[in-house]
Protein chains: 2
Amino acid sequence: MEDRELPRREREKRAQRQEMLSAALDLFSEKGYHNVSMQEVAQKAEFAVGTLYKFFRSKEDLYKALLMEMAGTFDDALRIAIEEPGPEIGKLRNYVKVKGELFRSNASMIRLYFSETQGASFNMNAGLDSEVRERHGRFLKKLAAVFESGMKRKQFRRIADPYSLAVALASITN
Amino acid sequence: MEDRELPRREREKRAQRQEMLSAALDLFSEKGYHNVSMQEVAQKAEFAVGTLYKFFRSKEDLYKALLMEMAGTFDDALRIAIEEPGPEIGKLRNYVKVKGELFRSNASMIRLYFSETQGASFNMNAGLDSEVRERHGRFLKKLAAVFESGMKRKQFRRIADPYSLAVALASITN
DNA sequence: CCATAAGATGAAGCAATATTCACTTAGTGG
DNA sequence: CCACTAAGTGAATATTGCTTCATCTTATGG
């Protein structure tokens with residue numbers, strides 16, 4: 001995430017937005033979406049509700065932004081994990097390790113996230129997907145590339161096509 | 001579940017109650033507790049809201065009743081699975097198999113259930129436990145008895161005390 | 001067939017909380 | 001120091017949805 005060289009005010013805004021998202025994250029992951037009021041979020045973030053609404057169109061919007069942000073953070077961490085130079089098997093080990101850490105330290109938020117993205121739960125009028133899905137798609141391609149190159153170097157057996165393996169590994173670790 | 005020889009009205013009531021629980025199950029597991037209104041449940045069950053309230057004190061009460069019912073069904077199925085006559089190892093296999101099936105065919109409801117009983121999510125003022133916990137406790141004892149008897153017959157090695165093994169198997173399969 | 005009771009209904013009351021907006025406060029350039 | 005704009009505020013309003021209850025419907029039995 002780049003943010004060098006921005007008008008000061010712009011940077012402040014970002015910081016405020018972060019404050020808000022962070023407060024929301026704490027509360028949502030602690031008590032769940034429906035049991036947190038905008039008042040609470042505002043209070044925890046030390047702003048007035050009105051200000052919160054200057055940044056997010058609605059509660060749902062805030063929630064979506066939060067998921068996006070989470071997805072981004074996760075994706076970045078995992079991407080870096082498999083881009084570490086070294087042999088393919090090391091990259092995969094890295095991936096599993098980092099994913100494990102991420103899940104462990106964000107357990108409650110993950111539950112929230114999955115209840116949203118996976119089946120059931122509430123139908124946040126879709127839309128959240130487009131970007132997240134796309135990003136995840138790109139990530140899977142990168143992961144597939146790791147398998148691919150491992151196969152080329154005769155490190156892995158070609159038990160299935162690389163992309164399927166990537167999907168499988170991702171699912172299993174979830 | 002016994003219900004033979006009940007005053008007709010009584011049986012109708014049970015049936016109605018079932019209708020309601022069933023409608024609630026569909027909706028809750030589809031959209032999650034907070035995204036289903038009592039109106040919806042009533043409509044789906046083909047009753048008026050008022051009638052719904054004749055059966056359940058509140059929405060929370062309805063939800064609890066549903067969880068209880070689920071817990072009961074599960075417990076029964078699993079109890080039967082380990083009571084099938086035969087060698088202990090077969091009982092354990094049965095247990096795992098049946099549990100797998102139950103989980104597969106009730107995925108969304110299970111998620112709901114776990115988000116309730118496990119950590120985070122909403123604080124349904126406890127209380128739901130007492131009976132469910134007790135029932136589960138009894139079940140674990142039965143499962144422990146299977147290990148116990150398997151050990152007595154020298155089928156299993158005594159790697160740990162039976163009750164711990166029962167708890168372990170239950171956790172793992174979850 | 002009527003009187004009475006038991007059951008069912010859904011519109012209205014009410015509480016919680018998401019959202020708005022008229023107003024205050026802080027920042028900026030002249 | 002002032003005029004003007006951008007930012008921030010939180011009380012007032014709108015919405016949502018749980019719950020109640022006066023009323024209507026159906027069942028019972030005399």
Side-chain angles (χ1 to χ4, degrees), chain A residues 6-28 30-67 112 116 121-125 127-128, chain B residues 6-28 30-67 112 116 121-125 127-128:
Chain A
L6 278 174
R8 182 175 58 72
R9 191 85 256 278
E10 210 56 24
R11 282 200 263 121
E12 278 182 9
K13 279 210 170 194
R14 290 217 178 186
Q16 290 177 323
R17 193 186 147 94
Q18 272 319 309
E19 288 290 313
M20 291 174 185
L21 284 173
S22 163
L25 172 59
D26 283 1
L27 291 170
F28 285 157
E30 176 67 14
K31 323 206 289 173
Y33 182 76
H34 288 284
N35 299 301
V36 173
S37 72
M38 288 303 260
Q39 290 289 346
E40 274 180 281
V41 176
Q43 181 156 49
K44 178 138 191 168
E46 295 178 283
F47 288 100
V49 268
T51 312
L52 205 47
Y53 276 87
K54 287 270 161 60
F55 286 77
F56 306 96
R57 194 178 311 287
S58 69
K59 187 181 178 185
E60 178 169 326
D61 196 47
L62 167 62
Y63 182 67
K64 279 189 194 168
L66 193 52
L67 289 191
L112 198 57
E116 173 51 40
S121 216
F122 60 121
N123 295 28
M124 192 87 359
N125 297 320
L128 147 130
Chain B
L6 277 174
R8 182 176 58 75
R9 192 83 258 279
E10 210 56 24
R11 281 198 266 121
E12 279 182 8
K13 279 210 171 195
R14 291 218 180 184
Q16 291 178 322
R17 193 186 146 95
Q18 272 319 308
E19 287 290 313
M20 291 173 184
L21 284 174
S22 164
L25 173 58
D26 283 1
L27 292 171
F28 285 158
E30 175 68 12
K31 324 206 291 173
Y33 182 76
H34 287 286
N35 300 298
V36 173
S37 71
M38 289 304 260
Q39 290 290 348
E40 274 180 282
V41 177
Q43 181 155 49
K44 179 139 194 168
E46 295 178 281
F47 288 100
V49 267
T51 312
L52 203 50
Y53 276 87
K54 286 269 159 58
F55 287 77
F56 305 97
R57 193 178 312 287
S58 68
K59 187 181 179 185
E60 178 168 325
D61 196 47
L62 167 61
Y63 181 68
K64 278 188 195 170
L66 193 53
L67 289 191
L112 197 57
E116 174 50 40
S121 215
F122 61 119
N123 294 26
M124 191 86 358
N125 297 322
L128 146 131

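Atom CG in A:D26 sits 11.0 Å away from atom CG in A:L21 (nearest 0.5 Å). Within the model, atoms CZ of A:R57 and CG of A:L52 stand 13.5 Å from one another, a figure rounded to the nearest 0.5 Å. The NZ atom of A:K13 lies 5.5 Å from the CZ atom of A:F55; values are rounded to the nearest 0.5 Å. How far CG of A:L66 is from CG of A:D61: 11.5 Å, rounded to the nearest 0.5 Å.
Atom CD in A:Q39 sits roughly 9 Å away from atom C1' in C:dA18 (whole-Å rounding). Separating the CG atom of A:L62 from the P atom of C:dT19 is a distance of 10 Å, rounded to the nearest angstrom. As rounded to whole Å, 15 Å separates atom P of C:dT20 from atom NZ of A:K59. Rounding to whole angstrom units, CD of residue A:E40 and C1' of C:dA18 are separated by 13 Å. Between the CG atom of A:L27 and the P atom of C:dT17 there is a distance of 13 Å, given to the nearest Å. For B:Y53 and C:dA12, the OH to P distance is 18 Å, given to the nearest whole Å. Regarding A:H34, its NE2 atom lies at a distance of 13 Å from the C1' atom of C:dA18, rounded to whole Å. Rounded to whole angstrom, the span from the CG atom of B:L52 across to the P atom of C:dT9 amounts to 11 Å.
Between chain A and DNA chain D, the heavy-atom contact criterion of under 4.0 Å yields a 5' to 3' nucleotide range of D:dA7 to D:dA11.
Residue A:M20 comes nearest to A:A45 through the heavy atom pair CA-CB, 4.0 Å, listed as atom of the first residue, atom of the second, then distance. B:H34 and B:K59 get closest at one heavy-atom pair: CA-NZ, 4.2 Å.
Along DNA chain D, the nucleotide closest to B:K54 and the one closest to A:T51 are compared, and the more 5′ of them pairs with A:T51. Each of A:S37 and B:E46 has a nearest nucleotide on DNA chain C; the 5'-most of these lies closest to B:E46. Comparing A:F55 and B:V36 against DNA chain D, the residue whose closest nucleotide sits nearer the 5' end is A:F55.
Remark: of the listed residues A:R9, A:R14, A:Q16, A:R9 is the sole one forming a side chain to side chain donor-acceptor pair (under 3.5 Å) with A:E12.
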Filtered N/O pairs between nucleotides 25-30 of chain C and protein, under 3.5 Å:
unit_1, atom_1, unit_2, atom_2, d
C:dT28, OP1, A:R8, NH2, 2.7

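Salt-bridge formation is not detected for the pair B:K44/B:E40: no Lys NZ or Arg NE/NH1/NH2 atom is positioned less than 4.0 Å from an Asp or Glu carboxylate oxygen.
In this structure a side-chain-to-backbone donor-acceptor pair under 3.5 Å is missing from A:Y63 to A:A24.
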